[in-house]
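So you know, we letter chains A, B, ... as the sequences are listed, proteins then strands, and number each from 1.
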There are 2 protein chains.
Amino acid sequence: MAENNSNFMSGVPELLILRLVREKEMYGYELVQAIRERSKEAIALGEGVIYPVLHALERDGALSSSRKTVNGRSRVYYALTAAGAKRLDDLAGNWSRLTDAIQSILVSGAQHA
Amino acid sequence: MAENNSNFMSGVPELLILRLVREKEMYGYELVQAIRERSKEAIALGEGVIYPVLHALERDGALSSSRKTVNGRSRVYYALTAAGAKRLDDLAGNWSRLTDAIQSILVSGAQHA
DNA sequence: GCATAATGCCTAGCGCTGCAAGGTATGGCA
DNA sequence: TGCCATACCTTGCAGCGCTAGGCATTATGC
């Protein structure tokens, strides 16, 4: 039930969101732009990606939300929970191991041990 | 038609295969084990991933195949074509840019420019 | 001599993820 | 009065990776 059997390359949007929210609470629209800007346009995740992930993370208890009105604008701010911090650590570790593995193949080519 | 609009995280199996075959021609079963061993078990792509990708790459002219019999075993060896080399460069470049972008978000957190 | 594993190839079909494309509502601006 | 930006949301699909099979041959173990 709670097990997550996704494919080996997935979960990056989730990772990015958790990492950004770790520093300060953010809202969906803000995350969309933050990811685009801070990746220098290399990654452009739309709202159709971000919002569903935010909802799933909140449902799993990794994020908590609070509705706030700023400048007459209603926003849903998301903050990292303790469970979310743990999940972030796990995802970041997996990502690191994965990219290291890929890099080791890319740089060394095919000369076997 | 020829355009490839896949999602931003896909194409890694393809990249790994092209990179390995660049050094020496290899066959499917060999690639499955090579990826597993050279990634120290971090990546374990099954034959159900490798073979379809090999067929697609050959269909696209990125790989050429030749049937050979070694030790009474029939094997299909794949070699990189010029088009395949170009495709490899493209994929490697994209992967590099992508991981750099992700890394820049992961390490610096949320302090904006 | 017989079964089991390892080698080597292949495919059908499913689950999931990222994504495009829509919809709603408010505020600022010309 | 319209238009763009802000801010939220969902439906539905495409494509990828993967599971789970199947087939044939050669080594290995008993």
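Rounded to an integer number of Å, the gap from CZ of A/Arg36 to P of D/dT6 is 11 Å. The interatomic distance linking A/Phe8 (CZ) with D/dC18 (C1') rounds to 11 Å, in whole Å. In this structure, B/Glu14 places its CD atom 14 Å from P of D/dC18, rounding to the nearest Å. Between the P atom of D/dC8 and the CE atom of A/Met26 lies a distance of 11 Å, rounded to the nearest Å. Between the CD1 atom of B/Ile102 and the P atom of C/dG18 there is a distance of 11 Å, rounded to whole Å. Whole-Å rounding puts the A/Met9 CE to C/dC16 P distance at 19 Å. Straight-line distance from the CD1 atom of A/Ile50 to the P atom of C/dG18: 10 Å, rounded to whole Å. Atom CG of B/Leu16 is separated from atom C1' of D/dG17 by 13 Å (rounded to the nearest Å).
Considering only side-chain N and O atoms, B/Tyr27 lies under 4.0 angstrom from the phosphate OP1 or OP2 of C/dG8. The phosphate of D/dC8 has neither OP1 nor OP2 within less than 4.0 Å of any side-chain N or O from A/His55. For the pair A/Tyr51 and D/dC8, the criterion of a side-chain N or O lying under 4.0 Å from OP1 or OP2 is met.
A/Glu30 comes within 4.0 angstrom of no nucleic acid atom, judged by non-hydrogen atoms across all strands. B/Gly48 comes within 4.0 angstrom of a base, heavy atoms only.
Among residues at least two apart or in separate chains, side-chain hydrogen bond (donor to acceptor under 3.5 Å, both in side chains) pairs with a member in residues 51-62 of chain A are A/Glu58-A/Ser65.
Residue A/Thr81 comes nearest to A/Ser64 through the heavy atom pair CG2-N, 3.8 Å, listed as atom of the first residue, atom of the second, then distance.
Nearest nucleotide to the A/Tyr29 side chain, out of D/dC9, C/dA6, D/dA5: D/dA5. Each of D/dG17, D/dT6, C/dG18 was ranked by its minimum atom distance to the side chain of A/Asn7; first place goes to D/dG17. Ranking C/dC10, C/dT11, C/dT7 by closeness to the B/Tyr78 side chain, first place goes to C/dC10.
Applying the salt bridge (charged side-chain N to carboxylate O under 4.0 Å, His left out) criterion to B/Asp100, with sequence neighbours excluded, gives no partner residue. Under the ring pair (Phe, Tyr, Trp, His ring centres under 6.0 Å) criterion, A/Tyr77 pairs with A/Tyr27, sequence neighbours left out. The salt bridge (charged side-chain N to carboxylate O under 4.0 Å, His left out) check on B/Lys68 picks up B/Glu25, with sequence neighbours excluded. For B/Tyr78, there are no ring pair (Phe, Tyr, Trp, His ring centres under 6.0 Å) partners two or more places apart in sequence or in a different chain.
Taken residue by residue, residues 66-77 of chain B places heavy atoms nearer than 4.0 Å to DNA chain D at B/Gly72, B/Arg73.
Both A/Leu54 and B/Gly11 sit near DNA chain D, but only A/Leu54 has its closest nucleotide nearer the 5' end.
The pair B/Glu30-B/Arg75 does not meet the salt-bridge criterion, since no charged nitrogen lies less than 4.0 angstrom from a carboxylate oxygen.
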